[in-house]
Amino acid sequence: MSQQTVVQLVFGVMAALSLGGAMGVVMARTVFVSALWLILSFVGVAGLYITLGAGFLAVIQVLVYVGAISVLILFAIMLTEDVMGDEHPNNGQVGLAIILLTPLIFLLGKWGFTANWPVKAAAILPRSGLSVDAATAAALPGALKTGDAFLVPDSVAYLGRVLMTEHFLAFEVVSVVLLVALVGAIVIARD
Amino acid sequence: MNPDLTPTIWILLEAVVKGAIVIGALLTGFAYSTWFERKVIARMQVRLGPNKAGPAGLLLPAADGLKLFFKENIIPRAVDKGIFFLAPLISMTVAVLAFAVIPVGDPTEVPWREGLLQLGIADFDVALLYLLGVTSFAVYGIALAGWASNNKFALIGGLRAGAQMISYELAMGLSILGVVMIVGSLSLHEIVVWQKAHVWLVLLQPLGFVIYVITAIAETNRAPFDMPEAEQELIAGYHTEYTGMRFALFFQAEYIAMLTVCALAAALFLGGYSLPGVELPWFGDLAVFLGKVIAGMFVFVWIRATMPRLRYDQLMDFGWKVLLPLSIINVVATAVGLALYQNGVFG
């Protein structure tokens with residue numbers, strides 16, 4: 001059992017959490033319990049980010065999706081649903097769903113295993129503070145040149161630099177979309 | 001045994017032992033926080049406070065624990081059982097997890113290990129965000145308890161707590177941002193080391209510190225922001241239906257959360273485990289850290305003994321219309337100040 005095995009083990013647990021949570025969302029009989037399963041699924045995804053070495057992304061995932069969005073969902077349910085109301089039974093379309101989804105899962109799986117994924121060096125970001133050679137640094141847009149060596153930035157600084165340079169346009173467009181949503185919500189609330 | 005794994009096992013073992021020590025310390029800290037609170041409030045109200053069980057009432061927490069342990073666990077018929085069990089567990093787990101990244105001393109040399117031993121369970125480059133992320137779970141313990149109890153008082157208490165914690169989380173995060181901008185790191189240990197080398201950050205971030213203290217009281221649902229359990233209106237709020245050890249878990253979570261925000265205040269603004277100009281051995285670091293946490297707890301109790309409870313709408317107005325804009329101003333001012341400083345305007 002090597003360190004890689006441990007990482008794979010953690011990956012397995014986290015993948016099971018996120019998929020199991022997702023199953024729970026669609027199988028739960030009350031919408032409130034569905035929302036709780038959704039939280040478990042979000043936590044699993046955050047765990048996956050950690051196994052990929054993206055701790056910052058994992059924490060943001062928890063802060064935004066678990067800490068804010070899920071709370072909003074639960075509040076919406078608590079304030080609208082008849083508390084402890086009737087359960088909503090399955091609608092009897094399980095068979096149809098299985099028939100439709102099996103080919104889809106098969107195709108996705110086939111594509112996922114055979115596709116030629118572009119692997120960037122950034123996917124396995126070395127520990128921050130390490131110095132690397134020029135070849136590795138070329139693949140890391142955030143690497144800082146200090147003297148002869150290149151210093152790997154910590155993941156937060158790296159992410160910030162990439163967002164503000166390479167993906168600047170997308171970053172700004174997303175913020176405009178959020179602003180529009182905010183203004184829209186206020187307009188609806190005032191009507 | 002595979003030699004490749006041996007270091008991994010030792011690292012895991014070390015983390016487990018440190019975790020056990022911290023949990024033990026937190027539970028003891030919780031027990032004596034209740035004693036401390038009763039004693040200090042009694043003194044402020046010109047009473048004696050606990051003085052029967054043991055010398056100066058020191059055995060009272062043990063007696064309380066024993067009493068709660070043997071109380072009947074009542075499960076009302078109409079509760080949602082699964083969630084009713086889950087809610088106090090979430091509260092307690094979250095409270096303990098948050099403490100994992102608090103540094104209690106400089107890394108120290110130890111005889112049984114190569115390299116330095118971290119004092120504190122873990123330290124990584126997003127430790128501060130981890131703490132905020134974990135504490136954002138806390139709202140679930142309370143909101144779910146309120147919902148699962150199937151009781152109107154509990155539900156209102158849970159909803160209030162949820163709304164309050166989300167509102168004040170924003171201002172709290174922004175008040176900490178100033179510290180992060182100055183130090184340039186999200187690692188709590190690095191923030192403490194920076195303060196050791198320069199100056200306590202409370203001097204550079206006075207507004208941030210004040211906002212942090214106010215939001216910390218609100219986040220832990222303590223007086224004068226203890227709306228979720230306003231007894232005149234809501235009986236006991238979200239834990240109305242809880243008895244015995246399950247109630248004790250909520251109680252523990254609240255006090256451990258207080259200890260955590262005090263420790264965080266020390267680490268972020270008050271130099272953490274260090275004293276200016278003095279280099280201490282590890283037990284000195286630990287003593288300074290404990291002293292700062294106890295001072296923080298004293299402020300908590302002091303405020304509770306002094307301030308009347310706010311009204312709910314006042315609380316929300318204050319959070320959104322005063323604290324949030326102020327914390328945004330603080331962030332902008334810090335950014336401008338930093339830019340000026342880095343360009344040598346202040347010489």
Side-chain angles (χ1 to χ4, degrees), chain A residues 1-7 9-10 28-30 32-33 35-37 39-40 42-43 46 49-50 53-79 81-85 87 125 127-129 152-160, chain B residues 1-9 11-12 78-80 82-83 86-87 90 94 101 122 124-140 142-144 146-152 154-156 158-163 165-167 169-170 173 180 184-187 190:
Chain A
M1 201 160 102
S2 66
Q3 199 175 4
Q4 205 178 0
T5 328
V6 176
V7 171
L9 214 67
V10 174
R29 296 198 157 219
T30 56
F32 191 83
V33 179
L36 295 183
W37 282 112
I39 297 169
L40 193 70
F42 286 149
V43 173
Y49 287 148
I50 290 179
F56 178 72
L57 218 54
V59 175
I60 293 298
Q61 159 90 6
V62 169
L63 262 176
V64 173
Y65 284 94
V66 179
I69 291 177
S70 301
V71 175
L72 196 70
I73 294 175
L74 282 187
F75 267 44
I77 297 169
M78 281 199 230
L79 291 174
E81 187 92 337
D82 180 16
V83 178
M84 296 283 164
E87 297 192 340
L125 198 64
R127 237 188 110 74
S128 61
V152 177
D154 67 80
S155 59
V156 186
Y158 174 69
L159 195 67
Chain B
M1 178 177 285
N2 187 335
D4 197 19
L5 187 67
T6 326
T8 319
I9 285 191
I11 292 169
L12 283 178
V79 302
D80 186 321
I83 301 175
L86 189 65
I90 294 179
V94 165
V101 290
F124 41 95
D125 53 4
V126 288
L128 188 54
L129 276 178
Y130 159 88
L131 208 152
L132 290 178
V134 165
T135 46
S136 70
F137 274 92
V139 58
Y140 288 110
I142 291 177
L144 291 184
W147 187 80
S149 296
N150 197 15
N151 168 325
K152 287 185 182 60
L155 182 66
I156 294 173
L159 284 175
R160 275 185 180 184
M165 288 164 96
I166 300 170
S167 308
E169 223 168 54
L170 285 172
V180 176
S185 169
L186 286 163
S187 149
E190 273 172 42

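Predicted model, so just to flag it, every value in this text is computed and none were measured. Computed from heavy atoms alone, side chains included, the values below leave out hydrogens, waters and symmetry copies.
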Exercise for review: Check whether any side-chain heavy atom of I83(B) lies under 4.5 Å from a side-chain heavy atom of F32(A), and answer yes or no.
Suggested key: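 Yes, their side chains come closer than 4.5 Å.
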Exercise for review: Please tell me if the side chains of L74(A) and L144(B) come closer than 4.5 Å, counting only heavy atoms from C-beta onward.
Suggested key: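 Yes. Closest side-chain heavy atoms under 4.5 Å.
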**Study point:** Winner by heavy-atom pair count (cut-off under 4.5 Å) against chain A, out of G173(B), G133(B), G146(B)
**Key:**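 Counting heavy-atom pairs under 4.5 Å, the top option is G133(B).
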Check each atom of [X] against the heavy atoms of chain A and say whether the ones under 4.5 Å are side chain, backbone, both or neither.
X	result
L86(B)	neither
A138(B)	neither
L159(B)	both

Check your understanding: Could you state the interatomic distance from CD1 (I90(B)) to CD1 (I39(A)), rounded to the nearest 0.5 Å?
Key ->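 The CD1 atom of I39(A) is 7.5 Å from CD1 of I90(B), to the nearest 0.5 Å.
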Practice item. Show your working on side chain to side chain contact (heavy atoms under 4.5 Å, CB included) between Y130(B) and V62(A) and close with a plain yes or no. Key: CA-CA 9 Å; Y130(B) 159 88; V62(A) 169; over 6 Å; no
Exercise for review: Side chain from CB out, backbone as N, CA, C, O: work out which of these in L72(A) comes under 4.5 Å of a heavy atom of chain B, or both, or neither.
Suggested key: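 When you check distances to chain B, no heavy atom of L72(A) falls under 4.5 Å.
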Review point. Using non-hydrogen atoms only, which part of V64(A) is less than 4.5 Å away from chain B: side chain, backbone, both, or neither?
Key: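 When you check distances to chain B, no heavy atom of V64(A) falls under 4.5 Å.
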**Study point:** Taking every non-hydrogen atom, the tightest pair across Y140(B) and S70(A)
**Key:**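 In terms of heavy atoms, the two residues are closest at OH-CB, 2.9 Å.
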Exercise for review: Can you establish whether the number of heavy atoms outside F42(A) located under 6.0 Å from its atom CZ is more than 12?
Suggested key: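 Yes, because the 6.0 Å sphere around CZ of F42(A) holds more than 12 heavy atoms from other groups.
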